[in-house]
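Worksheet: one structure, shown below.
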Protein chains: 2
Amino acid sequence: MHAAERERRIFEALRPTGFVSYRDLEVLLDASPATIRRDLTRLEESGQIVRVHGGAKLPEGDDASGPRLMGTPFDQNITQNLGAKQAIGKAAAALCQPGEGVMIDGGTTTLQMCPHLDGLGLQVLTNSLHIVNALLPQAGTRILLPSGAVFREQNIILAPAGEESMPRFHAPRLFMGAAAIGPQGVMQADPVLVAAERRLIDRAEEVILLVDSSKFSTQSGTIVCGLDEIDTVITDSGIAPDMAAALQDAGVKLVVA
Amino acid sequence: MHAAERERRIFEALRPTGFVSYRDLEVLLDASPATIRRDLTRLEESGQIVRVHGGAKLPEGDDASGPRLMGTPFDQNITQNLGAKQAIGKAAAALCQPGEGVMIDGGTTTLQMCPHLDGLGLQVLTNSLHIVNALLPQAGTRILLPSGAVFREQNIILAPAGEESMPRFHAPRLFMGAAAIGPQGVMQADPVLVAAERRLIDRAEEVILLVDSSKFSTQSGTIVCGLDEIDTVITDSGIAPDMAAALQDAGVKLVVA
DNA sequence: CAATAAACGATCAATAGCAATCAAATATGA
DNA sequence: TCATATTTGATTGCTATTGATCGTTTATTG
């Protein structure tokens with residue numbers, strides 16, 4: 001296989017979550033370790049990726065620093081606070097019990113759970129096509145989808161109002177993202193997301209919110225639910241102490257990844 | 001072989017993934033290494049391709065057909081009889097009325113309809129994630145999905161038996177693929193596909209079958225339905241005359257793309 | 001905090017792709 | 001028909017890329 005072809009595959013693997021492991025590449029490229037390392041080194045020197053121990057990731061969301069293909073707002077968000085989101089995703093994945101069924105809401109932070117779910121044999125109900133794509137290579141993970149129409153802005157599946165879209169599903173845990181969180185509760189940028197998430201919340205025993213610390217300083221959006229409906233918040237170390245205290249006062253369990 | 005003919009073949013090989021290896025060209029063009037290099041040099045000087053060590057690729061930004069991952073049986077099938085499938089897909093798309101709702105079954109032939117559906121403002125119900133991906137860039141096409149579990153072998157959504165997976169949907173036309181077709185009826189390789197397709201058939205006024213002519217000589221599989229349930233068959237000119245006659249005797253309308 | 005395993009970088013031989021030159025075949029025009 | 005121009009094919013070094021094998025560094029786990 002040739003360098004150009006390998007590069008194409010690397011980016012293809014990199015796009016969904018912003019990260020590829022060295023192991024994945026070994027299988028995907030069918031090339032010797034030395035060659036893979038050389039490819040990664042070259043791509044890093046040209047600024048197109050960032051190497052990390054064990055793989056490579058897309059550069060953190062500084063805009064206009066290279067000829068990367070990212071059109072949708074979603075693709076732009078993937079690289080925002082990528083490191084924090086990866087840590088949060090990993091911590092969230094650690095809460096899943098092998099073999100159980102969980103719900104994962106769409107979002108760039110929840111997306112980062114996916115690489116860590118491999119091998120757990122989970123049953124994942126999600127409304128996000130991005131998450132479907134990320135989970136597709138994991139043979140042991142069962143993917144369930146609700147019915148509905150595809151909403152392109154967020155690449156999620158949206159059921160018509162009042163319609164039963166996921167019959168007979170109930171899960172111990174829902175992992176949810178958000179545009180912002182504050183004392184008023186959890187907020188989303190787009191009102192149509194609110195309806196979708198509310199439906200998920202109603203079907204979960206426990207609601208776990210995944211938000212990087214920048215979401216605590218944003219305030220715009222439509223309210224999804226109050227803090228009383230949230231059981232756990234997973235965030236990064238950038239959270240302000242008073243925010244942490246406020247969450248715990250509201251009875252929310254706080255996990256800092 | 002003339003230079004023009006070689007150039008045509010080079011682009012043909014280049015289109016699917018955006019890259020051709022020098023080795024591939026050697027087989028494909030049946031020309032001496034020197035000639036191939038000269039062709040590539042010339043095409044690069046005119047800006048139509050970019051040469052890289054070991055082959056050539058399309059210039060950046062010329063991202064007409066997105067890069068696809070090869071390896072699964074599905075991806076291998078895509079290139080089988082591609083020309084015929086494209087023609088069939090185009091003919092099928094021509095049967096769609098602007099603004100109407102249609103159902104499209106998963107398959108490599110039905111997939112070829114997608115490029116021709118842009119601008120029709122259709123409402124497409126499909127169980128195939130491949131078709132979802134193909135339709136995603138078409139802003140005017142509304143995509144509807146049934147609920148269910150993702151079945152990886154074929155990348156389709158499979159509803160649990162007996163469950164209502166697509167409430168309140170009914171379409172004038174179903175476009176369906178098949179593994180084989182003969183006097184006994186329409187066949188699929190995998191029994192799980194049969195259940196999925198049967199459910200679609202029940203919701204359609206008219207069933208249109210898309211099969212390239214090689215499907216007439218295959219005989220293996222599970223029977224999906226008899227010829228009496230098929231209204232129209234679209235195939236390529238490779239169909240044997242006696243087969244064509246048999247279809248028309250069975251009351252099936254035959255379209256040769 | 002130490003042990004272990006994985007990932008890393010550097011070096012070197014082998015291979016594959018490359019450019020340049022020249023010879024042969026084919027086309028073109030008087 | 002002959003001469004000339006253009007295209008194709010073969011040969012020859014040369015360079016780039018690859019894969020294997022080291023020893024070293026870095027995460028991870030108990």
Side-chain angles (χ1 to χ4, degrees), chain A residues 1-11 13-14 17-59 82-96 98 112-113 115-120 236-237 255-257, chain B residues 1-11 13-14 17-58:
Chain A
M1 183 176 318
H2 300 278
E5 177 73 3
R6 287 198 308 274
E7 285 190 17
R8 193 180 64 80
R9 294 206 190 188
I10 290 172
F11 282 115
L14 210 44
T17 61
F19 178 81
V20 255
S21 74
Y22 165 81
R23 287 306 190 83
D24 289 345
L25 290 177
E26 205 163 7
V27 180
L28 207 61
L29 304 183
D30 192 34
S32 75
T35 302
I36 296 174
R37 288 176 209 297
R38 269 187 289 255
D39 284 343
L40 296 180
T41 306
R42 180 164 28 83
L43 288 173
E44 175 166 53
E45 277 167 359
S46 72
Q48 301 192 73
I49 64 171
V50 174
R51 293 193 67 179
V52 294
H53 199 89
K57 61 177 189 174
L58 288 173
L82 181 58
K85 286 176 180 173
Q86 285 174 334
I88 294 169
K90 187 174 181 181
L95 299 180
C96 296
Q112 295 301 333
M113 291 178 67
H116 307 286
L117 299 179
D118 202 1
L120 291 177
D236 59 89
S237 55
V255 176
V256 177
Chain B
M1 184 183 308
H2 286 295
E5 173 70 6
R6 286 199 309 273
E7 286 192 16
R8 197 187 58 78
R9 294 205 192 187
I10 290 172
F11 282 114
L14 210 43
T17 62
F19 177 80
V20 255
S21 74
Y22 164 80
R23 286 305 187 83
D24 289 345
L25 290 177
E26 205 163 7
V27 179
L28 208 61
L29 304 183
D30 192 34
S32 75
T35 302
I36 296 174
R37 289 177 208 295
R38 270 187 287 256
D39 285 343
L40 295 181
T41 306
R42 181 164 25 84
L43 288 173
E44 175 166 53
E45 277 168 358
S46 72
Q48 300 189 73
I49 64 171
V50 175
R51 292 194 66 180
V52 293
H53 197 93
K57 62 175 186 176
L58 288 173

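Computed from a predicted model, the values in this text were never measured in an experiment.
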Check: For the residue pair B:Ala56 and B:Leu14, what are the closest heavy atoms and their distance?
Finding: O-CD1, 3.5 Å
Note to self: Could you report the tightest heavy-atom contact between A:Leu117 and A:Cys96, atom names first, then the distance?
What the structure shows: CD2-SG, 4.2 Å
Check: protein-nucleotides 4-7 of chain C nitrogen or oxygen pairs below 3.5 Å:
from	atom 1	to	atom 2	distance (Å)
C:dA7	OP1	A:Arg23	NE	3.4
C:dA7	OP2	A:Arg23	NE	2.9
C:dA7	OP2	A:Arg23	NH2	3.3
C:dA7	O3'	A:Gly54	N	3.3

Nucleotide N/O of nucleotides 18-22 of chain D paired with protein N/O under 3.5 Å:
from	atom 1	to	atom 2	distance (Å)
D:dT18	OP1	A:Arg6	NH1	2.8
D:dT18	OP1	A:Arg6	NH2	2.9
D:dT18	OP2	A:Arg6	NH2	3.1
D:dG19	OP2	A:Ser32	N	3.3
D:dG19	OP2	A:Ser32	OG	3.2
D:dG19	OP2	A:Thr35	OG1	2.5
D:dG19	N7	A:Arg38	NH2	2.6
D:dG19	O6	A:Arg38	NH1	3.3

Notebook entry, point to check: Expressed in angstrom and rounded to an integer, what is the separation of A:Gln86 atom CD from D:dA27 atom P?
Noted result: 15 Å
Next item on the list: Name all residues meeting the side chain to side chain donor-acceptor pair (under 3.5 Å) criterion together with B:Ser46; count only those two or more places apart in sequence or in a different chain, and write none if there are none.
Entry: B:Gln48
Can you give the donor-acceptor pairs under 3.5 Å from side chains of residues 19-28 of chain A to other protein atoms, not counting sequence neighbours?
from	atom 1	to	atom 2	distance (Å)
A:Ser21	OG	A:Asp24	N	3.0
A:Ser21	OG	A:Asp24	OD1	3.4
A:Ser21	OG	A:Asp24	OD2	3.1
A:Tyr22	OH	A:Arg37	NH2	3.3

Item checked: Gap separating the NE2 atom of A:His116 from the OG1 atom of A:Thr17, nearest 0.5 angstrom -> 8.5 Å
Note to self: Looking at every non-hydrogen atom in both residues, tell me the closest pair between A:Gly47 and A:Pro59 and how far apart they are.
What the structure shows: O-CG, 3.8 Å
Margin query: I'd like to check the side chain to side chain contact (heavy atoms under 4.5 Å, CB included) partners of B:Ala31; sequence neighbours left out, ordered by chain and number.
Written below: B:Arg6, B:Leu29, B:Thr35, B:Ile36
Note to self: Once side chain to side chain donor-acceptor pair (under 3.5 Å) is applied, do any residues pair with A:Arg38, and if so which ones, sequence neighbours excluded?
What the structure shows: none
Checklist line | Nearest-angstrom distance from the residue atom CG of B:Leu29 to C1' of D:dG9 | finding: 15 Å
Item checked: Spacing of B:Arg51 atom CZ relative to D:dT17 atom P, expressed in whole Å -> 13 Å
Check: Among all residues two or more places apart in sequence or in another chain, which pass the side chain to side chain contact (heavy atoms under 4.5 Å, CB included) test with B:His53?
Finding: none
Note to self: Rounded to whole Å, please give me the gap between CD1 in A:Ile36 and C1' in D:dT17.
What the structure shows: 15 Å
Checklist line | Axis deviation across the helix from C:dC1-D:dG30 to C:dA30-D:dT1, five-pair ends, to the nearest 10° | finding: 40°
Item checked: Pairs flagged by salt bridge (charged side-chain N to carboxylate O under 4.0 Å, His left out) wherever residues 41-57 of chain A is involved - sequence neighbours left out -> A:Glu7-A:Arg42, A:Asp39-A:Arg42, A:Lys57-A:Glu60
